[in-house]
Amino acid sequence: MRPNRQELIEMLSLQVKDEIDKLYKRAYEIKKQYVGTKVYLRGLIELSNICTRNCYYCGIRKDNHSLKRYNIDKEEVLKEAKWCYEQHYGSLTIQAGERSDNLWIDYIEELVKEIKTLTDGKIGITLSLGEQSEETYRRWFEAGAHRYLLRIETSNPELYRSLHPAENSFENRLQCIRSLKKIGYQAGSGVMIGLPHQKGEDLADDILFFYDEDIDMIGMGPFIPHHQTPLAYLLSTFNPEQALEQALKMIAVTRIALKDVNIASTTALQALHPKGREMGLLAGANVLMPNITDTRFRDGYQLYEGKPGLNENALAIRKALEESIYSIGETIGYDEWGDSPHFRRKTSDQS
Ligand code: SAH
């Protein structure tokens, strides 16, 4: 049943601590019932910070000339993928700035194929590489990727326009999400929470957007201003506690409303609080994306201020992650793809 907009707005606007805690508990009960308490991991490879776009909020936007741009070569990506596989993560995600030149399209296709071969077809591959043509999405799907993340950023077209240059239309982004689904990907989307001029109604509409577009997996995180972007002026009034609380409420309300989707507890939560990702799990998220990119590249992939884990190595991150998941009484779905139950239900309905 389509969630009730007014109820979503009311839940999102809760301010009293007790009531917010109750909201998290309710979301956690629904999570237990529909997706369980097993956390699925996707090792995150931040493949390149080269980007052709100029999104006003993003630290790796094209016009940020103070960044050293990098692109990880094939040999190294395969090494990271192998590591991920040997750690039993089950899945990996390749994310990067946006490029759609032929060299890049070929490179991704080749990488996906080789990672599949390297892991005997066993590792699940998610891509998060921005807007592409349907043909490109299809080639990457045929190469072996089966999930794709493309955040709508905000479902309010006007707000979207205020955050992107005119040539990057809301309509095209939406079209891309629809193409991904048509091709057969499990489609992930999401929004930034706490954007300038974003209202409670907008967040409620974001959840309705996920429902209407039948999104399988959701990655949302707090908006965090970055000093080398046009939105840097928001840094002086940025309130991390408030941003964290708003993001956690959004996760909880999304779980309550959509029930069986995968929801990621994103790194941006951890940027605001050392235990941010665990808090995300307790508010209803069930997927984590530990960064496995070699630490020497991390400096170059600061989408937002204070991105964590810059000086840790992947093994240390894995240990810490395991301990923190066990400490809240949850387990890890090692060696499993951890597909969205929402997607599985749909496909079995059709069969
Ligand atoms: N280029 C790809 C993927 C990389 S960006 C794409 O466009 O899909 C991944 C996500 O980082 C974006 O979708 C956006 O939601 C998030 N992001 C970028 N800048 C951010 C900021 N300042 N605060 C919080 N999240 C941000």
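Worth knowing before you read on, the calculation uses all heavy atoms, side chains too, and leaves out hydrogens, waters and symmetry mates. Atoms within a ligand are numbered from 1 in the order they appear, just like the ligands themselves.
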Which residue from Arg99, Arg173, Glu305 reaches closest to atom 8 (O) of ligand 1 through any of its heavy atoms?
-> Arg173
Please work out whether the ring planes of Tyr107 and Trp104 are parallel, tilted or perpendicular, with thresholds of 30° and 60°.
-> tilted
Hey, are Lys122 and Asp335 close enough for a salt bridge, meaning a charged N less than 4.0 Å from a carboxylate O?
-> no
With heavy atoms only and a cut-off of under 4.0 Å, state how Arg53 meets ligand 1: side chain, backbone, both or neither.
-> neither
Salt-bridge present (Lys32, Glu29; N to O < 4.0 Å) = yes
Is the closest heavy-atom distance from Gly59 to ligand 1 below 4.0 Å?
-> no
Heavy-atom proximity to atom 19 (N) of ligand 1, picking from Tyr148, Phe223, Tyr57, Tyr56, points to Tyr57
Is a side-chain donor-acceptor pair under 3.5 Å present for Arg147 with Ser91?
-> yes
Pairing of Lys17 and Asp21 as salt bridge, 4.0 angstrom limit | yes
Just checking, is any N or O donor in the side chain of Asn156 or Gln198 under 3.5 Å from an acceptor N or O on the other one?
-> no
of all protein heavy atoms, closest to atom 9 (C) of ligand 1 is Gln95 NE2, 3.6 Å
Taking atom 6 (C) of ligand 1 as the point of reference, which of Pro225, Gly219, Gly130 owns the nearest heavy atom?
-> Gly130
What's the shortest heavy-atom distance between Tyr24 and Ala252, and which atoms?
-> CD2-CB, 3.9 Å
So for Gln302 against ligand 1, with non-hydrogen atoms under 4.0 Å, the contacting part is neither
Can you tell me if Asn262 and Asp216 form a side-chain donor-acceptor pair at under 3.5 Å?
-> no
Quick one: are Arg61 and Cys55 in side-chain contact, heavy atoms under 4.5 Å?
-> no
Looking only at protein heavy atoms, which one is nearest to atom 11 (O) of ligand 1, and how far off is it?
-> Leu303 CD1, 3.5 Å
Quick one: does Cys51 get within less than 4.0 Å of ligand 1, heavy atoms only?
-> no
Hey, does Gly221 sit under 4.0 Å from ligand 1 if you only count heavy atoms?
-> no
For atom 16 (C) of ligand 1, grab the closest protein heavy atom and report residue, atom and distance to one decimal in Å.
-> Arg151 NH1, 3.6 Å
protein heavy-atom neighbour closest to atom 24 (C) of ligand 1 works out as Pro222 O, 3.2 Å
Run through Asp294, Leu47, Ile45 and flag the one making a side chain to side chain contact (heavy atoms under 4.5 Å, CB included) with Glu76.
-> Asp294
Residue selection (non-hydrogen contact nearest atom 22 (N) of ligand 1) among Leu163, Leu150, Ile224 = Ile224
Hey, is Tyr301 touching ligand 1 through its side chain, its backbone, both or neither, going by heavy atoms under 4.0 Å?
-> side chain
For ligand 1, indicate whether the residue Cys55 contacts it via side chain, backbone, both or neither (heavy-atom separation under 4.0 Å).
-> neither
Can you tell me which residue and heavy atom of the protein come closest to atom 3 (C) of ligand 1, and the distance to 0.1 Å?
-> Ala96 O, 3.4 Å
Could you see which bit of Glu153 sits under 4.0 Å from ligand 1, with heavy atoms only: side chain, backbone, both or neither?
-> side chain
Kindly assign one of parallel, tilted or perpendicular to the pair Tyr160 and Phe170, based on the angle between their ring planes and the thresholds 30° and 60°.
-> perpendicular
Atoms of ligand 1 less than 4.0 Å from Met192 heavy atoms?
-> 15 (O), 17 (N), 20 (C), 24 (C), 25 (N), 26 (C)
